[in-house]
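Data block below; observations after.
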Amino acid sequence: MGMAIAHAQASGMGGMRTAGDLVARVQLAKGCRIREAKAYVAEKLGTSVMDLVDPVVMGEVRADKGLGTMMPLAHTPKGIECKFNIARELDVKINCLGNFLGKTGLGGGE
Amino acid sequence: MSKIWTRMGDGSPVELTPAELRQDLEDGSADAADRGGVPGLNEDDFKYLEELFARRDRFVGVDVGNEVVLTYDGAALKFKRHCLFEERLHVLTMYEKMFGADTVELGHVDYSYKPVKPIVNYEQGTLEMGLLTTHSPLIYGAMPNLGLYTRPDGPCPNPMELLPQGKIKEARAAYEDMVEEAVRDMVFVVGSMYESGADGFNLDTVGASGDADVLAAFLALEKLRAKYPDIAVEVGMAGEFILGMHGELQYDGQRLAGLYPHQQVKLAEKAGAVIFGPVVNTNTDQTIPWNLARTVVFIRACSKAASIPVHANMGMGVGAVPVTDFPPVDVLSRASKALVELCDLDGL
């Protein structure tokens, strides 16, 4: 557990403090390597690649686009609500969203 | 010049002269190059590592812009080991909001696919709840763990009992039966969790029971990719070298026993892996500089050979991290930085 924190500080992108979760999602969805995944996310979000690890810049980008923030305020997207925004902004398929739409009768299906 | 303070592979402190440091780096590199048949470190690499170990910083990190994404193994279970009885879904949110995690990982406390099978519906419910509240990719992880398929815990004869009796043919047949059982369980559990919405999967500690364990993982992966073309599976290895416990098993026409990471990754790609997690074991009798140089040689060769993202394993006892339950951050952070930057890694 402590090791995970140390690696996150030494080498990690920062998770949802920055755009680490978004780059990871692209790696998983497209199987692309880190440079390609970072470039893809930066292009989709309209940022520079360096911005992707900046918590100040990404905090604003995430709040503006509803991608999930560290301290979500009232009436802002949280949890699966953010995933719909992430899927749209990054143009990636998120597996659980089809189930959500099917179970709620909002469209799609399991 | 003052002595360089570092550690042995078991974590104990040690001081080296600059000449001793250089010798350890050269020896570690030569060992990996010889075993793996891959290029050793060059002069620039040695200079990088000499400077890294000469630094007095307690903690180091990659240069800005070199950050990579992190995946985990058994992440939600680590709390329990510390007797912190936090519910798994809370642990996921802690990883996401407090630990800077790029992905989060759910797993059963027994962390093997076989024991999850009878309780998969409970795991599905937990996963589905987790997917509502988390933001990061949610991965489900467990091990093939072929050891669970031998009697008295499983249906197959135990090859470790047969081999000492000289019953080699019977032992091999037992391994082959274990592969079939494990493939069936992995496909069932992973398929169920995928249908519940998981973003990805970790087939973790692949090869713990040798070549049969690896074959089971690859065959399961093939079946899963055929059924779910978009499924994302990370294959994380157990060791740097596939043990030939059966000895004759092949995948895609290649004998599995004896393969090193740069060869393993090509077969993982063929099977349909989206991320590959190579392992290089830490030698406790050698220094961390020796281990790190050796690890860089193996992992760089793997990263160069790969077409898919490579997330090197860097937990306790692997990836030049000392074999101790609480690895000190001085050597851990040096290993983390060096592996990412010298091996062009995509993640850890």
Side-chain angles (χ1 to χ4, degrees), chain A residues 1-38 49-50 52-55 62 67-72 77-83 86 92-100 103 110, chain B residues 59-62 64-72 75 78-79 81-82 95-97 99-103 128 131-139 194-200 230 232 234 274-275 306-310 314-316 321 326-327 329 332-333 336-337 339-340 345-348:
Chain A
M1 189 166 75
M3 255 187 301
I5 298 169
H7 280 307
Q9 296 302 313
S11 306
M13 285 199 67
M16 61 180 294
R17 283 168 54 85
T18 59
D21 60 321
L22 307 178
V23 173
R25 201 173 276 288
V26 169
Q27 263 199 355
L28 285 164
K30 299 181 179 296
C32 52
R33 303 198 68 168
I34 190 77
R35 285 191 189 84
E36 190 185 344
K38 285 180 178 176
V49 170
M50 291 298 274
L52 297 179
V53 289
D54 188 313
R62 296 187 77 110
L67 307 181
T69 57
M70 296 298 288
M71 296 175 67
K78 299 166 191 72
I80 200 165
E81 296 161 347
C82 301
K83 290 182 183 177
I86 292 169
V92 291
K93 182 185 168 193
I94 296 182
N95 190 20
C96 65
L97 298 185
N99 291 351
F100 183 92
K103 288 173 184 169
E110 287 186 81
Chain B
F59 191 92
V60 299
V62 296
V64 177
N66 288 346
E67 297 87 350
V68 295
V69 298
L70 306 180
T71 47
Y72 301 85
K78 309 265 161 107
F79 272 58
R81 293 182 192 169
H82 296 267
Y95 265 84
E96 173 173 271
K97 289 281 180 88
F99 297 174
D102 300 306
T103 59
E128 290 172 13
L131 288 164
L132 294 173
T133 54
T134 56
H135 307 76
S136 313
L138 206 174
I139 292 171
Y194 183 73
E195 289 178 10
S196 279
D199 292 301
D230 293 332
E234 175 172 6
V274 167
I275 296 174
S307 304
I308 57 174
V310 173
M314 294 199 73
M316 188 270 282
V321 175
F326 310 104
V329 294
L332 176 89
S333 63
S336 194
K337 174 179 169 67
L339 239 63
V340 167
L345 286 181
D346 307 283
L348 298 174

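Quick note on labels: first sequence line is chain A, next is B, and so on, each numbered from 1.
- Only the side chain of B:L70 comes within contact range of chain A, with heavy atoms under 4.5 Å apart.
- Using a 4.5 Å cut-off between heavy atoms, B:V321 contacts chain A through its side chain alone, with no backbone atom that close.
- Contact annotation: the side chain of A:I80 approaches that of A:L97 to within less than 4.5 Å [non-hydrogen atoms, C-beta and beyond].
- Among B:G200, B:A232, B:G347, B:A75, the residue making the largest number of heavy-atom pairs under 4.5 Å with chain A is B:A232.
- Proximity to chain B is limited to the side chain of A:K93, based on heavy atoms less than 4.5 angstrom apart.
- Chain A forms more heavy-atom pairs under 4.5 Å with one residue of B:S336, B:S333, B:G61 than with any other, namely B:S336.
- Both the backbone and the side chain of B:K97 come within contact range of chain A, judged by heavy atoms closer than 4.5 Å.
- Distance alone, capped at 3.5 Å, is enough to place a donor-acceptor pair between the A:R33 side chain and the B:A306 backbone.
- Each of A:I86, A:L22, A:N95, A:V23 has some count of heavy-atom pairs under 4.5 Å with chain B, and the biggest count is that of A:N95.
- Looking only at atom types and distance, the side chain of B:T71 has a donor-acceptor partner in the side chain of B:E234 under 3.5 Å away.
- Within the 4.5 angstrom heavy-atom criterion, no atom of B:F326 approaches chain A.
- Considering only heavy-atom pairs separated by less than 4.5 Å from chain B, the leading option among A:K38, A:M16, A:R35, A:M50 is A:M16.
- Two residues are said to be in side-chain contact when any heavy atoms from C-beta on lie closer than 4.5 Å; B:E67 and A:L52 fail this criterion.
- B:L345 touches chain A through its backbone: at least one of N, CA, C or O sits under 4.5 Å from a heavy atom, while the side chain does not.
- If you tally non-hydrogen atom pairs under 4.5 Å between each of B:I308, B:V68, B:V62 and chain A, the highest count goes to B:V68.
- With a 4.5 angstrom heavy-atom cutoff, B:L348 touches chain A only via side-chain atoms.
- Contacts of A:R17 classified as salt bridge (charged side-chain N to carboxylate O under 4.0 Å, His left out), with partners at least two apart in sequence or in another chain: none.
- The shortest distance between side-chain heavy atoms of A:K83 and B:T134 falls below 4.5 Å.
- B:R81 pairs by the salt bridge (charged side-chain N to carboxylate O under 4.0 Å, His left out) definition with nothing, not counting sequence neighbours.
- Contact annotation: the side chain of B:S136 never approaches that of B:D102 to less than 4.5 Å [non-hydrogen atoms, C-beta and beyond].
- Of the atoms belonging to A:P72, it is side-chain heavy atoms, and not backbone ones, that fall under 4.5 Å from chain B.
- In terms of modelled atom types and a separation under 3.5 Å, the side chain of A:Q9 and the main chain of B:F59 share no donor-acceptor contact.
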